[in-house]
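Some notes on the structure that comes next.
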Amino acid sequence: MKNSILFKSLVVLTVFTALVACQQEKKKVINFPTTDLTAENFVPKPLKIIPTNSAFGLDKNTIIYTSQNATGFPEVGEFLSEKIKWQTDLELAVNASDNTSAERIIFINQSDSTAFSSKEGYALHITQDSIILNAKTAEGAFRGVQTIRQIIPETSNDTLSETKMWLIPTGKIIDNPNFEYRGSMLDVARHFFSVEDVKKYIDILAYYKINILHLHLADDQGWRIEIKSWPKLTEIGGSSEVGGGPGGFYTQEEYQDIVAYAAKHFITIVPEIDMPGHTNAASVSYPILNGNGKTPKIYTGTEVGFSTFDTRKDTVYAFIDDVVREISAITPGPYFHAGGDESHVTKKKDFIHFVSKVDKIVKKYGKKMIGWDEIVHADIDTSAIAQFWANEENAKLAVEKGLKIILSPGKKAYLDMQYDTLSKHGLHWAGYIPVDTGYIWTPERYVKGINKENILGVEAPLWSETISNMEELEYLAFPRMIGYSELSWSVEENRNWENYKVRLGNQAPYLDKMNVKYYPSELIDWKKSKYTYKTIDKD
Ligand code: TNX
């Protein structure tokens, strides 16, 4: 009896040992180094990070799976695979049917969990075998994918196993944006920027979870979007820019290409036609629109405030109806920006009359009107949004009227302000904005009486009077734009300059690999990387 028990035990032990050996044969136990997920260089900083101190070894056998029937999820998986290839050269299969070789997986899962307070929220659970990204929508999954990209190290560890492994710290991340509108504006009117330039800007914005790109499409010096019913706008109005350069414009197809590219990155394009001031290029093309009593001429200087539409002419509103209709038809986002700033030669009562009428046209085409803070004086209802840039009284009035506010204070958030007196490009009418000044302010408390619930979000405008190519654009936009991403995504308790500046310095490898000529502010200890900026030859 005793013997038989012993025998049985021996058999069980042998089988068990064999099984374990078999398992180990299949899956080698790797001694991962101790990690700390909280010490990673995320920008913007996620809401909650809980480290578990081991590592997920991203290698060539990792497979990406996604919920397959949830809209947009497989595409987000493809996007991640493409970016992992760019970063590591690994070619990871997405939703492969043969999964026998998968030792580690990244699973992008649609989840209706009530824990996600917005459509952009997501949760990441990283263990030694899997990275599970849960999100309610593809948009949330896309934001989570940026977080994964940010924690893939620059170099692989080649000693732990026979395959190269990029070690990702394990733990949990729960994340959700602080503001729903997190934007940048690009002025393509003062100087024109090509579709390729705009796409590169979108690539970088998306990496930092920005979700709005506002395009300033018309100003005194140029009209940049084809309007089929008014062809001279681009023929004449598109032919000039500041300093006398060749200008340019987007055909409707090119604009749609930008919109689609932005949509793939879950970025909404906000088109702006600035009016009734800043309209010289439109009036040169069609002098009947002009209301300043002078003969319009092509303008390549940088003064503001001299132009206006004739606000009492029916033709002007027929024109605006066509422009808003054509642009709205090719803009899937909910907003149309109608400008409204610095209309110094429009009488106040005419301005009020004009903005109220334009608001109705914008609504007729299914969009919400955004305007610079001056629009608050018009008779508009609470669906309009005021973009605060200079006048606090206007912003307060907007809040009293029940409008939401986009914060773009010139002194803090204007990307075209110089860093200091030595800056190569930029203006300084609102002051100098070194990298710390641009980051150290609290949108939630910037204007007394304007609280979190009144604020739709933060936008950093890049006006282009002093910049005419990508290198110059990058000099002003980066690194400051990265700080605005944190100011708009991360909650106040998670924002801290001393902590941020270290994470910012560690963005250098990404920016270098993206060939971004950022301003190497001396306030930041920039991490050395193996990539250096390459000048791109333009013909
Ligand atoms: C003010 S901000 C402007 C722009 C200029 C910018 C230069 C705003 C609504 N108007 O027309 O380009 O300053 O910083």
Side-chain angles (χ1 to χ4, degrees), residues 183-193 212 214-224 240-243 247 270-282 299-309 335-346 351 354-355 358 369-378 384-395 398 405-419 423-433 437-438 446-447 458-468 472-473 475-477 480-481 484:
S184 183
M185 187 210 81
L186 180 59
D187 172 8
V188 294
R190 269 50 176 273
H191 280 102
F192 183 64
F193 288 85
I212 297 281
H214 162 186
L215 293 175
H216 184 75
L217 291 166
D219 212 301
D220 290 322
Q221 299 87 345
W223 183 284
R224 308 294 178 212
S240 51
E241 62 185 0
V242 166
V270 176
E272 178 187 354
I273 299 298
D274 199 352
M275 48 195 172
H278 290 273
T279 45
N280 184 70
Y299 184 67
T300 59
T302 58
E303 295 296 312
V304 294
F306 63 87
S307 58
T308 183
F309 278 155
Y335 308 114
F336 187 97
H337 199 308
D341 60 313
E342 300 172 320
S343 281
H344 301 324
V345 296
T346 321
F351 179 82
F354 179 86
V355 174
V358 171
M369 183 174 83
I370 304 180
W372 298 105
D373 57 52
E374 290 95 322
I375 61 150
V376 72
H377 299 290
I385 295 150
Q387 184 164 9
F388 162 62
W389 65 282
N391 188 322
E392 291 198 3
E393 295 314 312
N394 286 347
I405 305 282
I406 296 167
L407 288 175
S408 304
K411 290 185 185 132
K412 288 289 185 183
Y414 263 31
L415 289 168
D416 65 317
M417 290 303 113
Q418 293 176 313
Y419 293 95
S423 285
K424 285 190 285 177
H425 312 290
L427 303 169
H428 52 259
W429 65 262
Y432 296 98
I433 309 187
T437 303
Y446 186 70
V447 183
V458 179
E459 181 182 293
L462 180 48
W463 301 96
S464 64
E465 286 95 332
T466 66
I467 55 170
S468 61
E472 294 166 0
L473 180 160
Y475 172 91
L476 286 177
R480 288 180 294 194
M481 190 58 225
Y484 302 121

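If you're wondering where the values come from, they're calculated on a predicted model, not measured in any experiment. Atoms within each ligand, like the ligands themselves, are counted from 1 in listed order.
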Legend entry - Aromatic ring pairing His278/His216, orientation class (parallel under 30°, perpendicular over 60°, tilted between): perpendicular

Legend entry - Polar contact flag for Asp187 and ligand 1 (N/O pairs, less than 3.5 Å): no

Legend entry - Trp429: numbered ligand 1 atoms lying under 4.0 Å from its heavy atoms: 7 (C), 13 (O), 14 (O)

Inset, instruction - Would you check if there is a donor-acceptor pair between the side chains of His337 and Gln387 at a distance under 3.5 Å? - result: yes

Legend entry - Sidechain-backbone polar pair: His191 side chain, Ser464 backbone, donor-acceptor under 3.5 Å: yes

Inset, instruction - Say whether, by atom type as modelled, one donor and one acceptor occur between the side chain of Asp220 and the main chain of Thr279 under 3.5 angstrom. - result: yes

Inset, instruction - Give the residue, atom name and distance (to 0.1 Å) of the protein heavy atom nearest atom 3 (C) of ligand 1. - result: Glu342 OE1, 3.4 Å

Legend entry - Closest approach of any protein heavy atom to atom 2 (S) of ligand 1, naming residue and atom: Tyr414 OH, 2.4 Å

Legend entry - Distance-only polar pair, side chains of Glu459 and Trp389, donor-acceptor under 3.5 Å: no

Inset, instruction - Could you tell me whether Asp416 and ligand 1 have an N or O pair separated by under 3.5 Å? - result: yes

Legend entry - Element-labelled atoms of ligand 1 that are located less than 4.0 Å from some non-hydrogen atom of His278: 11 (O)

Inset, instruction - Go through ligand 1 atom by atom and flag the ones less than 4.0 Å from a non-hydrogen atom of Leu427. - result: 7 (C), 14 (O)

Legend entry - Option set Asp219, Thr302, Asp341, criterion heavy-atom distance to atom 9 (C) of ligand 1, minimum: Asp341

Legend entry - Proximal atoms of ligand 1 relative to Met417 (non-hydrogen, under 4.0 Å): 14 (O)

Legend entry - Side chains of Leu427 and Thr302 in contact at under 4.5 Å (non-hydrogen atoms): no

Inset, instruction - Run the contact test for Gln387 against ligand 1 with a 4.0 Å cut-off on heavy atoms, strictly below, and give the result. - result: no

Inset, instruction - Answer yes or no: does atom NE2 of His425 have more than 12 heavy-atom neighbours from other residues, nucleotides or ligands under 6.0 Å? - result: yes

Inset, instruction - Considering heavy atoms of the protein only, find what lies nearest to atom 11 (O) of ligand 1 and give residue, atom and distance to 0.1 Å. - result: Arg190 NH2, 3.0 Å

Inset, instruction - Starting from atom 5 (C) of ligand 1, locate the nearest protein heavy atom and write down its residue, its atom name and how far away it is, to 0.1 Å. - result: Glu465 OE2, 3.3 Å

Inset, instruction - Look at the aromatic rings of Phe354 and Phe309 and report parallel, tilted or perpendicular, splitting at 30° and 60°. - result: tilted

